[in-house]
Amino acid sequence: QVQLVESGGGLVQAGGSLRLSCASSELPIDLYAMGWFRQAPRKEREFVGHINRGDDTTYYDNAVKGRFTISRDDAKTTVYLQMNSLKPEDTAVYYCAATSHQLITAQPADYVAWGRGTQVTVSS
């Protein structure tokens, strides 16, 4: 199965920032829309945000809007999740995923490739 690889997770104090990266040596992610999800202990995986293919339009869940930003590098080989003003409730394993859907989708089932996740822990 094609794998994406996330990196950049870690431990940060509340109010701090982290930047997560997502890349793949197998999947041409510039040809896919990319999503970020997260899963906290004992909770379901939840949608964080999405960046379109082509025009790089972004969309965010209300819980992170204004604090998180998704972008691609100029070569379109890496997708980033910049997380600012982090809160303890942002603590979770963060996953990137790729979808061929033309429209923004928050449904995990619409994504065809996933990373294994990176842990983000925000201390109070």
Side-chain angles (χ1 to χ4, degrees):
Q1 185 176 2
V2 174
Q3 289 291 327
L4 303 171
V5 179
E6 303 95 340
S7 61
L11 173 64
V12 63
Q13 288 187 331
S17 299
L18 282 174
R19 188 176 78 161
L20 307 184
S21 300
C22 173
S24 175
S25 60
E26 303 169 57
L27 189 72
I29 61 175
D30 58 320
L31 300 182
Y32 290 82
M34 300 295 293
W36 284 94
F37 292 78
R38 66 186 182 184
Q39 188 166 17
R42 299 174 297 281
K43 292 188 177 181
E44 292 187 357
R45 190 167 299 189
E46 64 179 15
F47 174 76
V48 171
H50 171 120
I51 185 166
N52 272 356
R53 183 189 73 178
D55 65 5
D56 289 349
T57 300
T58 54
Y59 177 83
Y60 303 93
D61 184 81
N62 285 337
V64 306
K65 193 177 297 182
R67 300 188 297 123
F68 290 11
T69 303
I70 299 174
S71 62
R72 298 182 188 262
D73 68 338
D74 289 343
K76 308 279 188 180
T77 60
T78 303
V79 175
Y80 301 103
L81 176 65
Q82 177 67 44
M83 306 184 295
N84 299 327
S85 302
L86 282 161
K87 305 175 182 180
E89 51 263 43
D90 294 319
T91 295
V93 177
Y94 283 71
Y95 300 88
C96 67
T99 179
S100 57
H101 275 235
Q102 297 298 315
L103 300 178
I104 291 170
T105 174
Q107 300 302 316
D110 291 335
Y111 289 78
V112 297
W114 290 82
R116 295 187 177 182
T118 185
Q119 176 70 47
V120 172
T121 303
V122 184
S123 63
S124 57

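If you're wondering where the values come from, they're calculated on a predicted model, not measured in any experiment.
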Can you name the closest pair of heavy atoms from [X] and [Y] and give their distance?
{"X": "Tyr111", "Y": "Thr105", "result": "OH-O, 2.6 Å"}
{"X": "Ser124", "Y": "Ala14", "result": "CA-CB, 4.4 Å"}
{"X": "Arg72", "Y": "Ala33", "result": "NH2-CA, 3.8 Å"}

Please report the C-alpha distance between Asp56 and Lys76 in whole Å, then the side-chain angles of each, then the deciding distance to 0.1 Å, and finally whether the side chain to side chain contact (heavy atoms under 4.5 Å, CB included) criterion is met. CA-CA 10 Å; Asp56 289 349; Lys76 308 279 188 180; 2.5 Å; yes

Would you say the side-chain atoms of His101 and Tyr32 include a donor-acceptor pair closer than 3.5 Å? no

Tell me yes or no: between the side chains of Thr99 and Asp110, is some donor less than 3.5 Å from an acceptor? no

So does [Y] get a backbone contact from the side chain of [X], meaning a donor-acceptor N/O pair under 3.5 Å?
{"X": "Ser24", "Y": "Leu4", "result": "no"}
{"X": "Asp61", "Y": "Lys65", "result": "no"}
{"X": "Thr78", "Y": "Ala23", "result": "no"}
{"X": "Thr91", "Y": "Val122", "result": "yes"}
{"X": "Glu6", "Y": "Cys96", "result": "yes"}

Test side chain to side chain contact (heavy atoms under 4.5 Å, CB included) applied to Val64 and Trp36, step by step: CA-CA 11 Å; Val64 306; Trp36 284 94; over 6 Å; no

Counting C-beta onward and ignoring hydrogens, is there a side-chain heavy-atom pair between [X] and [Y] closer than 4.5 Å?
{"X": "Asp90", "Y": "Val120", "answer": "no"}
{"X": "Leu20", "Y": "Thr118", "answer": "yes"}
{"X": "Ile51", "Y": "Val79", "answer": "yes"}
{"X": "Arg67", "Y": "Met83", "answer": "no"}

Partner of Arg38 under salt bridge (charged side-chain N to carboxylate O under 4.0 Å, His left out), picked from Glu89, Glu46, Glu44, is Glu46

In the single-linkage hydrophobic clustering (I, L, V, M, F, W, Y; side-chain heavy atoms under 4.5 Å), do Ile70 and Val5 co-cluster?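 No, it is not one cluster - the side chains of Ile70 and Val5 are not joined through contacts under 4.5 Å.
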
Interatomic spacing from [atom1] in [X] to [atom2] in [Y] - rounded to 0.5 Å:
{"X": "Ser7", "Y": "Tyr80", "atom1": "OG", "atom2": "OH", "value": "9.0 Å"}
{"X": "Ser25", "Y": "Gln3", "atom1": "OG", "atom2": "CD", "value": "10.0 Å"}
{"X": "Leu18", "Y": "Leu86", "atom1": "CG", "atom2": "CG", "value": "5.5 Å"}
{"X": "Leu103", "Y": "Asn52", "atom1": "CG", "atom2": "CG", "value": "8.0 Å"}
{"X": "Ser21", "Y": "Leu81", "atom1": "OG", "atom2": "CG", "value": "9.5 Å"}

Around [X], counting heavy atoms of other residues, nucleotides and ligands shown, do more than 12 lie under 6.0 Å from its [atom1]?
{"X": "Tyr60", "atom1": "OH", "result": "yes"}
{"X": "Phe68", "atom1": "CZ", "result": "yes"}
{"X": "Arg53", "atom1": "CZ", "result": "no"}

When you measure from the centre of the six-membered ring of Tyr95, is the NZ or CZ of Arg45 under 6.0 Å away and within 45° of the axis?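 Yes, Arg45 sits over the ring of Tyr95.
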
Pair Trp114 + Phe37: ring centers closer than 6.0 Å: yes

For Ile29 and Met34, run side chain to side chain contact (heavy atoms under 4.5 Å, CB included): C-alpha distance rounded to whole Å, both residues' side-chain angles, the deciding distance at 0.1 Å, then the answer. CA-CA 8 Å; Ile29 61 175; Met34 300 295 293; 4.0 Å; yes

